[in-house]
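Heads up, the thing below is written out as structure tokens.
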Amino acid sequence: MYLAEGRERPGRGSAADGTRPPGRVPSVVLALGAVSLLTDVSAEMVTAVLPLYLVAGLGLSPLGVGLVDGLQHGVTALVRILAGHAGDRWGRHKAVAGAGYALSALCKPLLLAAQGLASVGAVIALDRIGKGVRTAPRDALIAHASAPELRGRAFGVHRAMDTAGALLGPLLAFAVLLGTSDGAVAGPDAYDAVFTVSVCVAALGLTVLVLFVPGRPVPGRETGAGAAGRPRLAEAAGLLRDRELRRITWCALWLGGCTVGDTFVYLLLQRRTGLSDGTFALLPPATAVVFLLLAAPLGRLADRLGRWRVFLCGHLALLGVYGLLLSGAGSPVLLVAVPVLHGTFYAATDGVLMAAASARVPAALGGTGLALVQSAQALARFGASLAFGALWQARGDRFALAAAAVALVLAVAAAGRPRPSAPVPAARGGAR
């Protein structure tokens, strides 16, 4: 199993043969968590101000906002499977992930020059392609480094560190806006300052990846193994012959299609509570705090009680978000309850879904299999953002939100819990 214990010494918590001590999170997971933390600081600085920048700065309609929000999810699906398979085929998940991190970092300066829907959409698309390239190889590294029975915990710890960046990013954006804005309305210079700081943090995250994340090949993919030991792309299609993985992928697609994007959740919360532009950037950190606190505990709970059960309960928390935004509850209630439920949703679904899927994927096709599930979810969320923006523009935000709530109820009821199935099949040929 691919581990990063080479730096740890026997007698100090690691076994003499280099294996990971039972229950301990591998060092490669912590290193990748540090990379994700810095990358999310950079990304969430932009995400925190992007809705206001699109609406107040560029004057986009709800449908335009939906298009940009959808791009953040849908474009990644175009490259996830290819990137995941590239990491599997060459056994170099770190190199593939690094290319994705580098692309996203290079996109940040381009936001300074983007002035309209087309240019902003193009930059966001490139940035999301970078995310699509890096996500599956990174998650494959986490899965390879962790014992199967502890993957919920490992993914939970990684997502907690990732979310720490999601918390710090908006706070840093808020500080930059506070220092460069005149009054309650942010000007163009304020947004430029946010984008500039974001570039610097992204570059730091890429540096940590290069210096501190081990680059060892996946088992069976060591240098010199030869082409015969490399899995073929045709084998990826065969993954869906596994009944439980097929069910997980289908449910990720269906439930993703009922998920209202964060951009819309925060814009609706601002509408219901009357928050100023200056304090709008504090909404993502409120969600991130809850995600940070619950990601690891819910990952451990998923390992003990069942990952699919926790995953579906997370979508019930999202349904609570929809209900509160439709209820007309007072501002104090919404400002507390919506971020709590929103953060719980992410903590119970993000890493838990990857832990559930990794249990059904052969090790040699880990990146490809996880990318398959991620792509289904990303495509569905792209469609959901477009549909929500169109419904909002045509019938109003309450109608659009009510439609999403009804769809989510039906999806959760239909998803159920995957039944136990046969052990994970080994990949054919040289992909074992």
Side-chain angles (χ1 to χ4, degrees), residues 23 25-26 29 32-33 36 40 73 80 135-136 138-164 166 242 244-259 262 287-288 290-321 340-361 366-367 369-378 380-381 408 411-412 414-421 424:
V25 175
V29 176
L32 287 167
S36 293
D40 250 34
H73 300 294
R80 283 180 189 261
T135 301
R138 179 203 66 199
D139 285 350
L141 287 173
I142 296 172
H144 292 150
S146 308
E149 69 276 9
L150 296 176
R151 284 178 183 165
R153 175 185 297 184
F155 276 103
V157 169
H158 174 269
R159 293 318 195 251
M161 296 180 70
D162 181 274
T163 306
D242 181 76
E244 190 167 328
L245 181 62
R246 185 170 64 248
R247 184 182 178 94
I248 289 173
T249 304
W250 172 249
C251 290
L253 178 69
W254 195 349
L255 290 166
C258 306
T259 302
D262 294 355
T287 294
V290 181
F291 192 173
L292 174 63
L293 293 175
L294 295 183
L298 288 180
R300 290 194 296 268
L301 186 66
D303 287 336
R304 294 179 58 188
L305 301 183
R307 292 160 187 164
W308 199 250
R309 182 179 300 171
V310 173
F311 179 70
L312 291 180
C313 287
H315 284 84
L316 294 180
L318 180 62
L319 185 62
V321 172
V340 167
L341 290 173
H342 202 215
T344 301
F345 159 67
Y346 279 117
T349 58
D350 193 1
V352 172
L353 177 62
M354 291 297 96
S358 67
R360 303 305 313 164
V361 177
L370 295 182
L372 187 66
V373 178
Q374 293 166 353
S375 296
Q377 187 179 63
R381 289 183 174 178
L408 184 57
V412 171
R417 181 170 180 262
R419 291 170 290 186
S421 57
V424 181

Do [X] and [Y] have side-chain heavy atoms sitting under 4.5 Å apart?
X	Y	value
Val373	Val361	no
Trp250	Leu255	no
Phe345	Leu316	no

Mind listing the closest non-hydrogen atom pair of [X] and [Y] along with its distance?
X	Y	answer
Ala357	Leu245	O-CD1, 4.3 Å
Leu370	Ala140	CD1-N, 3.9 Å
Gly320	Leu341	C-CD1, 3.7 Å

- Task: Check side-chain contact (heavy atoms from CB on, under 4.5 Å) between Ala380 and all other residues, then give those that pass, not counting sequence neighbours.
- Result: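 side-chain contact (heavy atoms from CB on, under 4.5 Å) list for Ala380, sorted by chain: Leu253.
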So, taking the atom named [atom1] in [X] and the one named [atom2] in [Y], what distance separates them when rounded to the nearest 0.5 Å?
X	Y	atom1	atom2	result
Met161	Ser36	CE	OG	8.5 Å
Leu353	Cys251	CG	SG	10.0 Å
Thr259	Leu408	OG1	CG	6.5 Å
Gln377	Leu372	CD	CG	12.0 Å
Thr163	Asp350	OG1	CG	7.5 Å

- Given side chain to side chain contact (heavy atoms under 4.5 Å, CB included), test Thr249 with Trp254 step by step and report yes or no. CA-CA 9 Å; Thr249 304; Trp254 195 349; over 6 Å; no
Would the distance check show the side chain of [X] and the main-chain N or O of [Y] forming a donor-acceptor pair, the cut-off being under 3.5 Å?
X	Y	value
Arg247	Ala415	yes
His158	Ala154	no
Ser146	Ala143	no

- For Asp162, check side chain to side chain donor-acceptor pair (under 3.5 Å) against everything at least two apart and list the hits.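 For Asp162, no residue satisfies side chain to side chain donor-acceptor pair (under 3.5 Å) once neighbours in sequence are set aside.
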- With sequence neighbours left out, what residues match Thr287 under side chain to side chain donor-acceptor pair (under 3.5 Å)?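 Tyr266, His342.
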- Task: Identify, with sequence neighbours excluded, every residue that meets ring-ring contact (aromatic ring centres under 6.0 Å, His included) alongside Phe311.
- Result: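 With neighbours one apart ignored, the set is Trp308, His315.
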- Message: By the salt bridge (Lys or Arg N to Asp or Glu O under 4.0 Å) test, which pairs, at least two apart or in different chains, include something from residues 138-147?
- Response: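 Listed once each, the pairs are Asp139-Arg159.
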Could you list the donor-acceptor pairs under 3.5 angstrom formed between side-chain atoms of residues 290-303 and any protein atom two or more places apart in sequence or on another chain?
from: Asp303; atom 1: OD1; to: Gly152; atom 2: N; distance (Å): 3.0
from: Asp303; atom 1: OD1; to: Arg307; atom 2: NE; distance (Å): 3.2
from: Asp303; atom 1: OD1; to: Arg307; atom 2: NH2; distance (Å): 2.8
from: Asp303; atom 1: OD2; to: Gly152; atom 2: N; distance (Å): 3.3
from: Asp303; atom 1: OD2; to: Arg153; atom 2: N; distance (Å): 3.0

